[in-house]
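Report on the following structure.
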Amino acid sequence: LALEEDKDLIFNQFANVLNSFDPSVDIEFSYINQLGRNNELKAAIQIPDKNDGYDDIRLEFREMLKSQLAKGNNGLKKSKYITFGVEADSLEQATAKLERLEIDILSNLKSMGVRAEGLTGEERLKVLHDILNPDKLFSFSYKDLKPRESTKTVIAPDSFNFVPSKYFKFGKYIGAVSHLQILASELSDRMLAEFLDIDDNINISFHIKAVEQTEAIKMVKRKNTDINRKREQEKEMVTQMIQLYCRGNHHTGSLMCSECQKLAEYASMRSDKCPFMETKTFCSNCKVHCYKPDMRDKIKAVMRYSGP
């Protein structure tokens, strides 16, 4: 809903947040959709009165939120978390690093207008508990932990079953895990939005690893080299197919006729300008038909004759 200039500002601010992490820091963004958390949602919108003359406004706001809740998210609770970790030689060193990181992250998010807060140990356990036990309420306090008892007993489901290996079963629920490796430049915001529009229990985690500038430059150069190699291979293959078509249909011998030469030059130009070269398979699978209609008809005839 934001204006284009606001989107640019938000994107630049978020990019600055990501660029503030050095390669020694591991970052994970977690987006968690959970069903059946109606009571928690109702508790979250209970804005208490303060007897300061604005309670009628608070009441109106509470009723509005209740109405929105009743209209229809089916108890779907959406949460977002940032998890970060560092390498350190001791617990004391790690604690100091993590505390500084937390302050920096909260400050950066605040500058973006994002409300965020750190979680206590019990709150972190609740997140894990609710993921592993979707239909159970979390009730725990560290003071109730018995000697030699682990918090694992609090958050672990009654059972785990990993047969068949494609899925896993915990309690009465069945889950599956998918892993995607995507470079930042290839990540679409629409993909995340479409995942999060699913009205069901789903957890999406982005594991982000910063790369040293020199290594990042090398990576980009290697990628560009691979794309250029693929582009040249495509141009050479299409030219050979046009030559084969021309010999078989126009009987020109080793040289192409002027019409086929123009087609080969046009095809080469389209390959040079193709923005999908990195991920493309066949032009026939592309949703963007960049060939002019007459050239498209000609290259189709070539593909039918010279193709496998």
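Position 1 is the first residue of the sequence; numbering continues from there. Side chains are part of it too, since the values below use all heavy atoms of this structure and drop only hydrogens, waters and symmetry mates. As the structure is a prediction and not an experimental result, all values here were calculated from the model.
- Using a 4.0 Å cut-off between charged side-chain N and carboxylate O, Lys136 and Asp158 make a salt bridge.
- For the pair Glu232 and Lys235, the salt-bridge criterion is met [side-chain N within less than 4.0 Å of a carboxylate O].
- Ring orientation note: the planes of Tyr31 and Phe29 are close to parallel, at an angle under 30° on the 30°/60° scale.
- Under 4.0 Å is where a charged nitrogen must lie from a carboxylate oxygen, and between Arg231 and Asp226 no such pair does.
- Across all their heavy atoms, Ser20 and Asn108 have their closest contact at OG-ND2, 3.9 Å.
- Note on Leu132 and Phe168: same hydrophobic cluster, where clusters join Ile, Leu, Val, Met, Phe, Trp and Tyr whose side-chain heavy atoms are under 4.5 Å apart, directly or indirectly.
- Between Asp104 and Phe84 there is no side-chain heavy-atom pair separated by less than 4.5 Å.
- The aromatic ring centroids of Phe162 and Tyr167 lie 6.0 Å or more from each other.
- One distance of note links CD1 of Ile82 with CD1 of Ile105; it measures 5.5 Å at 0.5 Å rounding.
- A donor-acceptor contact closer than 3.5 angstrom links the side chains of Ser30 and Glu28.
- Residues Leu109 and Ala116 come closest through the heavy atom pair CD1-CB, 3.8 Å.
- Using a 4.5 Å heavy-atom cutoff, the side chains of Ile27 and Val25 are in contact.
- Salt bridge annotation for Lys300-Asp297: absent, with no cationic side-chain nitrogen under 4.0 angstrom from a carboxylate oxygen.
- Looking only at side-chain heavy atoms (C-beta outward), Ile204 and Ile202 come within less than 4.5 Å of each other.
- The side-chain heavy atoms of Glu259 and Lys262, taken from C-beta on, include no pair separated by under 4.5 Å.
- Taking 4.5 Å as the limit, every side-chain heavy atom of Lys169 sits out of range of all side-chain heavy atoms of Phe160.
- Of the charged side-chain nitrogens involved, at least one lies within less than 4.0 Å of a carboxylate oxygen, so that Lys126 and Asp130 count as a salt-bridged pair.
- Between the side chains of Ser24 and Glu87, not a single donor N or O lies within less than 3.5 Å of an accepting N or O.
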